[in-house]
Amino acid sequence: MSYSLDMSLPETVEGLKRKAEKYIESKDYCGAEIVYDEVVDIIIEGITLMMHDKKVHEKLCEELALAYNSRGHMKYLQVNFPEAIEDYNEALAFKSRPAAAYYNRGLIHYRLGFLSSTPKVPTTGNFVEAIKDMDSALEIDPNFISAKECKEQAESDILLSSHQEAENEPSKAEDA
């Protein structure tokens, strides 16, 4: 779908965001994702049309980063982690780097720490990635409470996992 600037890009994008919110309220995350697909496409088209106006171009890039983050969150809620991470990575490619995109990507790494583990011992590598993302989110927004809490939990889980691994290893005395 092609939009001209006469159609007022900001109003069109805001209208679509409101439409996505209605889908979200009804827990139709797939419907919201489809709307965010359209938001991303419209903003990309706007960026192309507004390359000559640096201020507008930068604002649209900020909006695009937020749109990728929002679409990624819809994919996260549908447990489509690989595609959610792709959208978070797209959001983080922009100068504005939303703290929420680091946080959201970190949540996926955190969850993968449990999903890719043995029943008794979670995989710590994903927890380390989660901590890195939470650190990045906190660098941008030091008051991001959820990022602080997730980081602390991941650090705690690494310690617990290390302790569980040690308990599950056969002792040297048993080997003799």
Residue Glu139 excluded, over 12 heavy atoms near CD under 6.0 Å: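 Not buried by this count: 12 neighbours or fewer within 6.0 Å.
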Is there a path from [X] to [Y] through hydrophobic residues (I, L, V, M, F, W, Y) whose side chains come within less than 4.5 Å of each other?
| X | Y | value |
| --- | --- | --- |
| Ile47 | Met50 | yes |
| Ile44 | Ile34 | no |
| Val40 | Val56 | yes |

Listing, residues 65-73 side-chain donor-acceptor contacts under 3.5 Å, not counting sequence neighbours, or none:
residue: Asn69; atom: OD1; partner: Ala101; partner atom: N; Å: 3.4
residue: Asn69; atom: OD1; partner: Asn104; partner atom: ND2; Å: 3.0
residue: Ser70; atom: OG; partner: Leu66; partner atom: O; Å: 3.1
residue: Arg71; atom: NE; partner: Asp87; partner atom: OD1; Å: 3.4
residue: Arg71; atom: NE; partner: Asp87; partner atom: OD2; Å: 2.7
residue: Arg71; atom: NH1; partner: Asp37; partner atom: OD1; Å: 3.0
residue: Arg71; atom: NH2; partner: Asp87; partner atom: OD1; Å: 2.7

Check: Met134 and Tyr103 side chains under 4.5 Å, non-hydrogen atoms: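 The answer is yes, as the side chains (C-beta and beyond) meet within the 4.5 Å cut-off.
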Close side-chain approach of Lys95 to Cys61, heavy-atom, < 4.5 Å: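 Heavy-atom side-chain distance check fails, nothing below 4.5 Å.
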Test of understanding: with salt bridge (charged side-chain N to carboxylate O under 4.0 Å, His left out), list the residues that count as partners of [X], not counting sequence neighbours.
| X | answer |
| --- | --- |
| Lys54 | Glu58 |
| Lys17 | Glu14, Glu63 |
| Glu86 | none |
| Lys132 | Glu129 |

Contact summary for [X] and [Y], nearest pair of heavy atoms:
| X | Y | result |
| --- | --- | --- |
| Ala32 | Ile24 | CB-CG1, 3.7 Å |
| Glu62 | Ser96 | CG-CB, 3.6 Å |
| Gln78 | Glu33 | NE2-OE1, 2.8 Å |
| Ala130 | Gly106 | CB-O, 3.3 Å |
| Phe144 | Ala137 | CD1-CB, 4.2 Å |

Interatomic distance, [X] atom [atom1] to [Y] atom [atom2] [nearest 0.5 angstrom]:
| X | Y | atom1 | atom2 | result |
| --- | --- | --- | --- | --- |
| Thr12 | Glu38 | OG1 | CD | 9.0 Å |
| Glu155 | Ile131 | CD | CD1 | 4.5 Å |
| Ser146 | Gln153 | OG | CD | 13.0 Å |
| Tyr36 | Lys19 | OH | NZ | 12.5 Å |
| Lys59 | Leu9 | NZ | CG | 11.5 Å |
| Ile85 | Asp133 | CD1 | CG | 8.5 Å |

Residue list, side-chain hydrogen bond (donor to acceptor under 3.5 Å, both in side chains) with [X], at least two apart or on another chain:
| X | result |
| --- | --- |
| Glu21 | none |
| Asp135 | Lys151 |
| Asn89 | Arg105 |
| Lys22 | none |

side-chain contact (heavy atoms from CB on, under 4.5 Å) evaluation trace for Phe81 with Arg111: CA-CA 10 Å; Phe81 294 157; Arg111 287 187 67 183; 3.6 Å; yes
Of all pairs that satisfy ring pair (Phe, Tyr, Trp, His ring centres under 6.0 Å), the ones with a partner from residues 14-35, not counting sequence neighbours: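 Counting only pairs at least two positions apart or across chains, no ring pair (Phe, Tyr, Trp, His ring centres under 6.0 Å) contact touches residues 14-35.
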Ile145: hydrophobic cluster co-members (side-chain, 4.5 Å):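 Hydrophobic cluster check, Ile145: no partners found.
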Hydrophobic cluster (4.5 angstrom, side-chain heavy atoms) - remaining members for Ile140: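 Noted: Ile140 shares its cluster with Leu92, Tyr102.
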Residue pair Tyr110, Asp157: steps toward the side-chain hydrogen bond (donor to acceptor under 3.5 Å, both in side chains) verdict: CA-CA 10 Å; Tyr110 180 79; Asp157 289 337; 2.3 Å; yes
